[in-house]
Amino acid sequence: MTIDAATEVFEEHRAVLQGVAYRMLGRVADAEDVVQEAWLRWSGADRADVREPRGFLVRVTTRLAVDRLRQIKARNEAYVGPWLPEPYVTAFGGEVPDTAERAVLADSVSFAVLVVLESLSPLERAVFVLREAFGHPYAEIAAMLDRAEPAVRQLAGRARKHVEERRARYDVDPVQRRDVTERFLAAAADGDLDGLLSLLAPDVRLVGDSGGKAKAPLRVLESADHVGRFLLGAARKGVEDMSFRFVEINGGPAVLTLSGKEPDSVFQLDVLDGRIQCVYVVRNPDKLRSLTGL
């Protein structure tokens with residue numbers, strides 16, 4: 001296989017590799033670094049012996065992501081305030097026409113799930129991502145991770161149970177979430193506390209991620225009254241030359257707030273039965289760089 005042919009094969013699978021790496025790491029830049037390292041391994045490999053390029057590339061990417069995740073977990077011990085994944089621009093609509101498949105992919109990359117995945121071990125997370133998001137058979141996952149199949153099944157069972165017990169339930173219908181998001185934004189912009197409270201579940205939570213580098217709550221806010229009053233206060237203060245843009249982030253509609261042309265924050269809502277269950281706010285500037293120019 002020539003280098004041009006190798007490049008073509010790699011580019012054919014890049015989106016899958018990026019998807020695996022991001023779900024493993026929750027960070028766009030780290031995922032891109034892992035995919036670039038996978039390319040270096042692929043370009044230097046004896047490709048004549050590779051029968052299934054996709055399987056080979058996913059295996060290399062997964063192992064690199066496991067190693068990177070172990071390094072990241074050590075760094076995160078000193079993170080200031082709540083942690084959220086780096087917003088990841090998704091556009092499943094055109095590429096994944098099947099509604100059921102789209103829902104599975106959207107759920108696997110959602111803030112709610114990725115926050116729970118942070119509490120898994122690197123190997124548990126790898127098995128969960130490969131099995132639940134990408135549907136790899138246990139035998140393939142075992143070969144990718146150099147583990148016995150019974151051990152992989154055990155890891156998968158533990159990870160699935162952990163995720164099911166801890167992840168929040170919400171509606172994945174993008175139309176409904178977009179409608180609630182628009183009404184939420186209008187109520188906040190108008191200073192309409194009653195209108196805002198009517199959208200919030202009584203036990204709603206607000207999770208703000210600033211990393212200590214921007215203004216955001218350093219603890220999770222709970223209850224409709226606390227969350228509603230905080231949001232109205234933030235809306236009154238605003239940001240310089242503020243504008244809004246709807247984008248698809250982590251499989252669902254979100255609001256990108258701009259200060260001039262620079263990203264200032266991302267808001268996304270978890271919705272269940274027409275009521276907001278959780279408000280996610282990402283303001284850490286390091287996590288917004290990939291959104292510049294949207």
Side-chain angles (χ1 to χ4, degrees), residues 26 76 79-87 106-107 109-119 162-239 242 244 246-247 249-257 263-285 287-288:
N76 274 358
Y79 198 79
V80 177
W83 178 92
L84 289 172
E86 182 178 345
D107 184 54
V109 80
S110 69
F111 278 5
V113 167
L114 291 177
V115 167
V116 177
L117 293 188
E118 278 293 295
S119 59
H162 183 90
V163 172
E164 290 298 324
E165 289 176 347
R166 290 166 176 78
R167 72 170 163 185
R169 300 297 174 183
Y170 61 94
D171 295 327
V172 296
D173 180 1
V175 175
Q176 183 186 49
R177 290 178 74 188
R178 171 68 181 253
D179 175 66
V180 173
T181 300
E182 289 179 345
R183 288 188 284 143
F184 162 85
L185 187 60
D190 293 342
D192 181 4
L193 180 58
D194 290 339
L196 195 56
L197 292 176
S198 71
L199 295 172
L200 301 175
D203 57 350
V204 64
R205 302 165 67 247
L206 184 145
V207 184
D209 180 335
S210 69
K213 299 179 180 182
K215 290 184 178 180
L218 294 179
R219 61 181 180 82
V220 176
L221 300 184
E222 299 181 335
S223 85
D225 184 66
H226 284 128
V227 171
R229 293 185 185 279
F230 169 81
L231 289 169
L232 285 189
R236 289 191 191 102
K237 293 177 183 177
V239 298
M242 182 172 63
F244 301 98
F246 278 93
V247 291
I249 294 289
N250 292 74
V255 177
L256 171 62
T257 303
D264 176 82
S265 56
V266 165
F267 288 79
Q268 190 172 61
L269 311 177
D270 277 351
V271 177
L272 181 64
D273 297 329
R275 303 289 291 277
I276 299 169
Q277 308 296 316
C278 189
V279 181
Y280 301 104
V281 185
V282 180
R283 296 210 68 216
N284 185 338
K287 294 185 176 182
L288 300 175

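What you see is a predicted model; the values in this text were computed from it and never measured.
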May I ask you to test the [X]-[Y] pair for a side-chain heavy-atom distance under 4.5 Å?
{"X": "V255", "Y": "V266", "value": "no"}
{"X": "R183", "Y": "L199", "value": "yes"}
{"X": "V227", "Y": "R205", "value": "no"}

I need the minimum non-hydrogen distance between [X] and [Y], along with the two atoms involved.
{"X": "G195", "Y": "A187", "value": "C-CB, 4.1 Å"}
{"X": "A188", "Y": "A235", "value": "O-CB, 3.4 Å"}
{"X": "V109", "Y": "G251", "value": "CG1-N, 3.9 Å"}
{"X": "V282", "Y": "P85", "value": "CG2-O, 4.3 Å"}
{"X": "P87", "Y": "L288", "value": "CG-CD2, 4.4 Å"}

Looking at R229 and D225, does any basic side-chain N land under 4.0 Å from a carboxylate oxygen?
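Judged by the 4.0 Å cut-off on N to carboxylate O distance, R229 and D225 do form a salt bridge.
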Thinking salt bridges, do D209 and R283 make one under a 4.0 Å N-O criterion?
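Salt bridge: no.
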Derivation and outcome, side-chain contact (heavy atoms from CB on, under 4.5 Å), residues Q277 and V271:
CA-CA 5 Å; Q277 308 296 316; V271 177; over 6 Å; no
Please identify each residue that fulfils side-chain contact (heavy atoms from CB on, under 4.5 Å) with L232, with sequence neighbours left out.
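L232: side-chain contact (heavy atoms from CB on, under 4.5 Å) contacts with L193, L196, R236.
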Cut-off 3.5 Å, side chains only: do D107 and Y170 have a donor facing an acceptor?
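Per modelled atom types, D107 and Y170 side chains form a pair under 3.5 Å.
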Does N284 form a side-chain contact (heavy atoms from CB on, under 4.5 Å) with W83? I'd like the steps, not just the answer.
CA-CA 10 Å; N284 185 338; W83 178 92; over 6 Å; no
Judged by atom type as modelled, is there a donor-acceptor pair below 3.5 Å linking the side chain of D173 to the main-chain atoms of V175?
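Yes: the side chain of D173 pairs with the backbone of V175.
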Any sub-3.5 Å donor-acceptor pair from Q268's side-chain atoms to V279's backbone N or O?
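It does not hold such a pair.
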Approximate separation, where rounding is to 0.5 Å, of [X] [atom1] and [Y] [atom2]:
{"X": "L256", "Y": "F244", "atom1": "CG", "atom2": "CZ", "value": "10.0 Å"}
{"X": "H162", "Y": "L117", "atom1": "NE2", "atom2": "CG", "value": "8.5 Å"}
{"X": "R177", "Y": "I276", "atom1": "CZ", "atom2": "CD1", "value": "11.0 Å"}
{"X": "C278", "Y": "L206", "atom1": "SG", "atom2": "CG", "value": "7.0 Å"}
{"X": "E86", "Y": "I249", "atom1": "CD", "atom2": "CD1", "value": "10.0 Å"}
{"X": "K287", "Y": "S210", "atom1": "NZ", "atom2": "OG", "value": "9.5 Å"}

Donor-acceptor contacts, no H, no angles, side chain residues 215-224, under 3.5 Å, sequence neighbours left out:
residue	atom	partner	partner atom	Å
S223	OG	H226	N	3.3
S223	OG	H226	ND1	3.0

Considering residues at least two apart in sequence or located in another chain, which fulfil the side chain to side chain donor-acceptor pair (under 3.5 Å) criterion with R169?
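Counting only residues at least two positions away or on another chain, R169 forms a side chain to side chain donor-acceptor pair (under 3.5 Å) with E164.
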Specify whether F111 and Y280 have parallel, tilted or perpendicular ring planes, treating 30° as the upper limit for parallel and 60° as the lower limit for perpendicular.
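Judged by the thresholds at 30° and 60°, the geometry between F111 and Y280 is perpendicular.
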